Chemist: 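Before we start, here is the structure in question, set down as structure tokens.
Letters A, B, ... are given to chains in the order of the sequence lines, protein chains preceding strands, and every chain is numbered from 1. Bear in mind the structure is a predicted one, so any value in this text is a computation, not a measurement.
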2 protein chains.
Amino acid sequence: MTRRRPVASTAKTGLRRRAASPARAEKLNKLTLGQLDYHLGYVLRRLQIWVFQDFIQTLATMKVRPAQYSVLLVIEANPGRSQAAIGQTLGIERARLARLLHELERRKWISRRASGSDARSHCLHLTADGEKALVRIKSLAAQHEARLADHVGAKRRTQLMELLRDFG
Amino acid sequence: MTRRRPVASTAKTGLRRRAASPARAEKLNKLTLGQLDYHLGYVLRRLQIWVFQDFIQTLATMKVRPAQYSVLLVIEANPGRSQAAIGQTLGIERARLARLLHELERRKWISRRASGSDARSHCLHLTADGEKALVRIKSLAAQHEARLADHVGAKRRTQLMELLRDFG
DNA sequence: GTAGATTGTTGTCAATGACAACATTCTCCC
DNA sequence: GGGAGAATGTTGTCATTGACAACAATCTAC
């Protein structure tokens, strides 16, 4: 459907919106959020989007996504565990984790050894390459975390961590 | 690629994992998050996922998604504004907002009137149906918010709101 | 030893975010 | 008055993500 709309009489009124120079427009168009900023979920999500975007951008050189990073850290902290255990810990669904690990294996950052105790499951480990890569990745992640602290304020960041860490 | 893996000697060791009764398994498989819970982004995201899932489930009867809800609230609080203004306020991209509004219009919850001052843009308003629906929607959203307060604790919820509201 | 659960894999679908292209219209500047 | 360039809304496409179903292999429980 193409746009067909009556021609507006442009000289109708003097209340025309102001000139839209690129910087000016942003300010003039700011609207009220209404009841939205009484919803914790909304403000939570806005910050979370900021965090993810900065994280993705910061780790773009290593081409590591947040989910991949979390998996690498959990494997490092719990070597030899199964996909089911990792997925359960991180809340990542089986199917998605299988594909995610396939990619990490393709990059030779992790290995899947056969488990001696359960022939269905794989034991996950970081490879030497994976450990080396993770050093650089952690360094970038630290840069991101510093930028985040700068964005929200160091004190506020600490308070948020304390409030959020231990109730899941 | 199908699975082909060496047959495991099942009697190899006594260290076999315990029986996996559905409740038991969840506890036994809990792993360490490693350095992950020093990342604000991670704990933030976990809570945000909880919030969204509860929201979506609570508003399933009205078939309203979080983004749709936010748009309805902002239109209510700022009637007659353009799509560009709404999108800018909520951080929703032009293309996505156009399709989202198309759906809300199909349900007769919003109307797009031609703007007298700018023939390119539409003035967005809630319809009578939209306002009626929004009453029910807000009631469900309040239920969700109460459940959220119960989940994180009323005091913690307040503290989080204060920390998150005013720095974007 | 069999019934039912678990593990990992693949396929598919819907929602989302991002980007490009486009017609229409506006603003700016000469 | 008349472009040049920007803004608005629309559509198309692509990649990512989450969710679910089906499947073979294997394990647990009885």
Chemist: Would you say the side-chain atoms of B:R156 pair up with the backbone N or O of A:L163, donor to acceptor, closer than 3.5 Å?
Modeler: yes
Chemist: Please report, rounded to the nearest Å, how far the P atom of C:dT10 is from the CD atom of A:E93.
Modeler: 14 Å
Chemist: May I ask you to evaluate whether A:Q53 reaches the phosphate of C:dA18, defined as a side-chain N or O under 4.0 Å from OP1 or OP2?
Modeler: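 Yes, within the criterion.
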Chemist: If the threshold is 4.0 Å, N to carboxylate O, is there a salt bridge linking A:R106 and A:E103?
Modeler: yes
Chemist: Can you see which heavy atom on B:L124 is nearest to which on B:I75, and at what distance?
Modeler: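 Answer, listing the atom of B:L124 first, then B:I75: O-CG2, 3.9 Å.
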Chemist: When you get a sec, tell me which of C:dG17, C:dG8, C:dC19 is the closest nucleotide to the side chain of B:R96?
Modeler: C:dG17
Chemist: Tell me whether B:R147 is salt-bridged to B:D54, with the criterion being a basic N under 4.0 Å from an acidic carboxylate O.
Modeler: yes
Chemist: Whether B:K138 and B:E76 form a salt bridge (side-chain N of Lys/Arg under 4.0 Å from carboxylate O of Asp/Glu) is what I want to check.
Modeler: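 Yes, B:E76 and B:K138 are salt-bridged.
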Chemist: Nearest to the side chain of B:A98, heavy atoms from C-beta on, is which of D:dT17, D:dC27, D:dT10?
Modeler: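 The closest nucleotide is D:dT10.
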Chemist: What nucleotide among D:dT26, D:dA19, C:dT9 has an atom nearest to a side-chain atom of A:H122?
Modeler: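 Of all the options, the side chain of A:H122 is nearest to C:dT9.
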Chemist: Could you check whether B:Q83 gets within reach of a base, just the sugar-phosphate, or nothing at all, counting any heavy atom under 4.0 Å?
Modeler: sugar-phosphate
Chemist: Out of C:dC26, D:dG18, D:dG9, which nucleotide sits closest to the side chain of B:R120?
Modeler: C:dC26
Chemist: Looking only at the side chain of B:R65 (C-beta and beyond, no hydrogens), which of the listed nucleotides C:dC19, C:dT16, D:dT8 gets closest?
Modeler: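 Nearest listed nucleotide: C:dT16.
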Chemist: How would you list all residue pairs meeting ring-ring contact (aromatic ring centres under 6.0 Å, His included) that involve residues 65-91 of chain B, not counting sequence neighbours?
Modeler: A:H39-B:Y69, B:F55-B:Y69
Chemist: Round to a whole Å and report the spacing from CD of A:E105 to C1' of C:dT9.
Modeler: 13 Å
Chemist: Between A:A95 and A:R45, just flag the one whose closest nucleotide in DNA chain C comes earlier from the 5' side.
Modeler: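 Nearer the 5' end of the strand: A:A95.
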Chemist: Can you find a side chain N or O atom of A:R112 that sits less than 4.0 Å from OP1 or OP2 on C:dT9?
Modeler: yes
Chemist: D:dT16 P sits how many Å from A:F52 CZ, rounded?
Modeler: 15 Å
Chemist: Select base, sugar-phosphate, or nothing to describe what B:A67 touches, counting heavy atoms under 4.0 Å on all strands.
Modeler: nothing
Chemist: With a 4.0 Å limit, can you tell me whether B:R94 has a side-chain N or O closer than that to the phosphate oxygens OP1/OP2 of D:dG9?
Modeler: no
Chemist: Can you tell me how far C1' of C:dG8 sits from CD of A:Q88, to the nearest Å?
Modeler: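 So the CD-C1' distance, A:Q88 to C:dG8, works out to 14 Å.
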Chemist: Taking NE2 from A:H102 and C1' from C:dG8, how many angstroms apart are they, rounded to a whole number?
Modeler: 13 Å
Chemist: Any base atoms under 4.0 Å from B:Q68, or only sugar-phosphate, or nothing? Heavy atoms, all strands.
Modeler: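 It contacts nothing in the nucleic acid.
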Chemist: Find the distance A:L97:CG to C:dT7:P and express it as a whole number of Å.
Modeler: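 That distance rounds to 12 Å.
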Chemist: Please state how far atom CD in A:E103 lies from atom C1' in D:dA15, giving the value in whole angstrom units.
Modeler: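 Atom CD in A:E103 sits about 13 Å away from atom C1' in D:dA15.
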Chemist: Please work out if A:R99 contacts a base, only the sugar-phosphate, or nothing of the nucleic acid, heavy-atom cut-off 4.0 Å.
Modeler: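 The residue A:R99 makes base contact.
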Chemist: Between atom CZ in B:R106 and atom C1' in D:dT10, what is the gap in whole Å?
Modeler: 18 Å
